[in-house]
Structures are given as structure tokens and as C-alpha cells.
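Structure first, commentary second.
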Amino acid sequence: MPGPHPAVAATRLAVRRAVADAPAGSLVLVACSGGADSLSLAAAAAFELPKQGLRAGVVVVDHGLQADSAQVARSAADHCHALGLDPVEVIRVEVATADGDGPEAAARAARHAAFRAALLRHDATRLLLGHTRDDQAETVLLRLARGSGTRALAGMAADGPGPLRRPFLLSVGRAQTRAACAALDLPWWDDPHNEDPRFTRVRARRALQLLQDDLGPGLTDNLVRTAILARQDADHLDALAAVEAQGLGESPWHVKDLESLSDALRTRVWRLLMARAGATAADVAAVHVESLDELVTRWRGQGAVDIPGGLRVARRERLIEVAPRPVE
């Protein structure tokens with residue numbers, strides 16, 4: 001008897017690897033929009049998870065951004081029911097139209113809030129997302145365009161944060177998910193937003209295609225490989241920085257101790273020290289780290305550095321101290 005279509009086999013293998021560490025008997029949810037990526041993921045999960053002693057359910061998020069969004073969500077849920085997944089939940093979310101980071105970020109924030117709530121509500125241990133190798137390549141390209149550092153160039157994580165898993169991220173491409181759906185006779189939905197140039201990711205997708213046409217089809221593979229290598233380097237440096245930050249202790253810090261660190265470690269240590277003082281990761285941008293580092297590397301008697309989140313960092317002779325910023 002012939003085996004499954006190669007694309008179907010690839011999606012199933014990716015899911016099997018992604019849930020290898022899930023507790024036996026636990027519930028694993030799949031985020032499904034009805035598109036080819038997430039629908040092929042749901043089909044692979046429905047096939048593989050029971051064989052691994054796991055239960056498989058689905059969360060369909062309706063962003064309400066299009067006139068037929070409720071119908072699309074219901075159709076996705078119906079396909080997942082037919083695949084045998086249970087529970088299947090449709091969640092309608094409100095997307096903040098005035099979000100300062102743009103509509104894509106606002107939709108992502110609303111979607112992930114719904115995911116977190118669903119994980120708690122169903123006592124699920126994992127949630128599988130349908131991001132593919134193509135999504136990873138586009139992410140790296142976008143971050144290159146923005147001049148991001150090593151951690152940003154690492155792209156999305158296949159495992160995490162927390163219970164999130166992206167089974168297709170390193171091994172399955174967009175063409176394969178479509179081929180898998182076609183082989184399984186699963187009709188998928190093409191989101192018209194994926195062709196709308198108002199969205200940054202759509203423009204990145206088009207740019208990647210143009211680059212591949214000029215430079216060859218290996219570009220996606222190379223960008224994904226870049227992300228893997230960057231993540232390995234960033235993870236290693238972050239681990240070393242955590243040890244150094246722990247050794248520095250609480251404020252104030254001696255300048256000589258910070259001077260002794262390499263640039264790659266010290267910039268990471270600054271972020272950890274600020275987080276320990278009460279700032280969040282989003283608070284401490286590259287421009288803040290650069291100003292903090294100049295207190296050590298380019299000291300000219302400059303004033304204190306204000307960090308969003310209510311912190312002020314100042315150098316006094318050979319000591320650097322962080323304290324709450326005075327209310328003005």
C-alpha cells in the first residue's frame with residue numbers, strides 16, 4: 001500500500017517532533033484560521049496526536065476584520081470537527097484599531113491573548129501555530145531591513161515562548177502545506193489580507209519573491225539557516241550575560257566590572273540589569289542601551305540616562321547607579 005503524499009508525510013513528521021515533550025494524555029490545541037498552513041497543521045495533529053497518547057483540539061480566532069470573518073471561522077471549525085478534533089472553539093476578538101504599532105501587531109496581540117485564555121480554559125499543555133519556513137524567511141528579511149541585532153535575526157522560535165510550538169517553522173514550506181491540503185481534499189481559505197500591500201509582511205513577501213527570482217530559490221533556505229545560527233549564538237550569549245549580570249549584583253555597579261565585559265556581553269547585561277530594576281524588555285530599546293553603554297565606554301561627564309518605565313541611571317565617579325526617576 002502506498003504511503004501518504006510526501007507533503008502530508010512532512011507535516012505529520014513535523015507535528016510528531018513538536019509534541020515529543022508533551023505530557024502523556026494532555027490536550028494539545030492547534031490554532032487554525034482555515035488557511036492552508038493551519039488547516040494542514042490541524043489535519044496532521046488529528047492524525048498524529050492520538051498515536052502519541054495525546055488529545056487534539058482546535059482554537060479558531062475570528063478577528064472580525066472582514067465582512068465574512070464569522071463565516072470563515074465557522075467553516076474552519078467545521079473542517080476541524082470533520083477531522084475529529086475535539087474540543088473545537090471559535091473565539092471572537094476585538095482588534096484595537098488605534099494600536100500604535102499598526103494593525104498587524106494589534107491583531108497579533110488580540111490573537112495571542114485569546115490563545116493564552118484558551119490554554120487556561122481547556123487546561124492544555126501546548127498550542128501549535130502554523131508558521132512555515134517561508135514565514136521565518138520573511139521575518140528575518142523584515143528584521144534585516146530594520147537593522148536589528150542577533151536576537152532579532154533569530155526570527156521566530158520553533159519552541160516557545162511557553163507552551164507555543166511552531167512545528168513547520170524549520171522544515172515545512174507554504175507550497176507543502178497547500179499540497180498537503182490538496183492531497184487530503186481539504187478546501188482552504190486564502191486571506192485577502194495576504195495580498196494587501198498595506199501590510200508590512202505582504203510587502204516583505206513580495207520582496208522575497210523578487211529577490212528569489214533574481215538570486216535563486218535558495219534564498220529562503222539561507223534566511224532560515226541564518227535564523228538558526230543567529231538563535232544559537234544569541235542563546236549562548238544570553239546565557240553568559242545572565243551569569244555576568246548575576247555576578248554584578250545590585251546597583252551600584254563598579255565601572256571596572258562593566259569595562260571588563262566584551263561589547264556583545266555588556267549590551268545584553270544592560271538589558272538584564274534594567275529588567276532587574278523594574279523595566280520591561282519593551283522599555284529598553286537599542287538607543288537606551290547605547291546611552292547606557294556610553295556611561296562606561298565614552299564617559300565625558302554626561303548626565304543621567306532615563307529609561308522608560310521610570311528609571312534613571314547615572315554615573316558617579318567609578319560607580320553606576322540606577323534609581324527611580326524623580327517625579328517632576
Side-chain angles (χ1 to χ4, degrees), residues 1-20 28-52 56 58-60 72 75-76 79-80 82-85 126-142 154-159 164-195 201-202 204-213 215-228 231:
M1 178 180 294
H5 186 282
V8 174
T11 61
R12 291 174 177 176
L13 176 60
V15 166
R16 185 160 66 248
R17 289 172 172 169
V19 300
V28 175
L29 295 175
V30 178
C32 185
S33 67
D37 298 343
S38 60
L39 195 57
S40 64
L41 177 61
F47 181 85
E48 282 293 338
L49 267 57
K51 295 171 63 176
Q52 308 304 318
V58 165
V59 175
V60 180
V72 169
S75 176
H79 287 311
C80 291
L83 288 168
L85 292 113
R126 301 287 184 275
L127 186 131
L128 309 184
L129 302 174
H131 296 110
T132 66
R133 287 172 57 83
D134 300 272
D135 293 308
Q136 182 75 313
E138 291 159 9
T139 297
V140 175
L141 184 63
L142 274 172
M156 294 178 282
D159 297 334
L164 301 185
R165 298 292 183 270
R166 296 177 175 88
F168 296 167
L169 194 68
L170 304 181
S171 62
V172 178
R174 198 171 289 138
Q176 287 173 289
T177 66
R178 288 174 173 263
C181 284
L184 296 170
D185 198 24
L186 287 172
W188 67 87
W189 171 67
D190 284 320
D191 186 350
H193 282 173
N194 289 335
E195 301 298 328
R201 184 167 288 276
V202 173
R205 185 170 300 173
R206 292 181 177 181
L208 181 59
Q209 185 59 56
L210 288 172
L211 287 169
Q212 289 188 139
D213 291 343
L215 301 177
L219 181 58
T220 292
D221 289 342
N222 290 337
L223 288 171
V224 171
R225 191 175 301 112
T226 294
I228 293 171
R231 182 166 297 278

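Keep in mind that this is a model prediction, so the values were computed, not measured. Along the sequence shown, the residues carry numbers beginning at 1.
- Salt-bridge annotation for R16 and E48: present, with a side-chain N of the basic residue lying under 4.0 Å from a carboxylate O of the acidic one.
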T11/Q176 under side chain to side chain contact (heavy atoms under 4.5 Å, CB included): CA gap, chis, key distance, verdict: CA-CA 8 Å; T11 61; Q176 287 173 289; 5.6 Å; no
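- The distance from the SG atom of C32 to the CH2 atom of W189 is 10.5 Å, given to the nearest 0.5 Å.
- Taking 4.0 Å as the cut-off between side-chain N and carboxylate O, R166 and D135 do not count as a salt-bridged pair.
- In terms of heavy atoms, L39 sits closest to P187 at CD2-O, 3.5 Å.
- Judged purely by atom type and a 3.5 angstrom limit, Q136 uses its side chain to pair as donor or acceptor with the backbone of M156.
- The heavy-atom pair separating S33 from V72 by the smallest distance is O-CG1, 3.9 Å.
- Look at D190 and R178 and you find a salt bridge, because one of the NZ, NE, NH1 or NH2 atoms lies within 4.0 Å of a carboxylate O, short of that distance.
- Using a 4.5 Å heavy-atom cutoff, the side chains of L219 and L208 are in contact.
- Here the closest heavy-atom approach between residue P167 and residue L41 is recorded as CG-CD1, 3.9 Å.
- For the pair V19 and L128, the minimum side-chain heavy-atom distance is below 4.5 Å.
- In terms of heavy atoms, G155 sits closest to T139 at CA-CG2, 4.0 Å.
- Not one N or O on the side chain of D159 forms a donor-acceptor pair closer than 3.5 Å with the backbone of R165.
- For the atom pair CD (Q52) and CZ (F47), the distance works out to 10.0 Å, reported to the nearest 0.5 Å.
- Between the side chain of R133 and the main chain of V172, no donor-acceptor pair closer than 3.5 Å is present.
- The environment of R231 atom CZ is dense: over 12 non-hydrogen atoms of other residues, nucleotides or ligands sit within 6.0 angstrom.
- Distance check, rounded to the nearest 0.5 Å: OG of S38 to CH2 of W188 gives 12.0 Å.
- In terms of heavy-atom proximity, A137 sits nearest to L223 at O-CD1, 3.6 Å.
- With sequence neighbours excluded, the residues satisfying side chain to side chain donor-acceptor pair (under 3.5 Å) with D37 are T177.
- Taking R201 as the reference, E138 meet the salt bridge (charged side-chain N to carboxylate O under 4.0 Å, His left out) condition, with sequence neighbours excluded.
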Residue pair V8, L184: steps toward the side chain to side chain contact (heavy atoms under 4.5 Å, CB included) verdict: CA-CA 8 Å; V8 174; L184 296 170; 3.9 Å; yes
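- Residues V15 and A44 come closest through the heavy atom pair CG2-CB, 3.7 Å.
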CA sep, side-chain torsions, deciding dist, call: L83, V58, side chain to side chain contact (heavy atoms under 4.5 Å, CB included): CA-CA 11 Å; L83 288 168; V58 165; over 6 Å; no
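- Proximity of V224 to L170: side-chain heavy atoms (C-beta onward) are separated by under 4.5 Å at one or more points.
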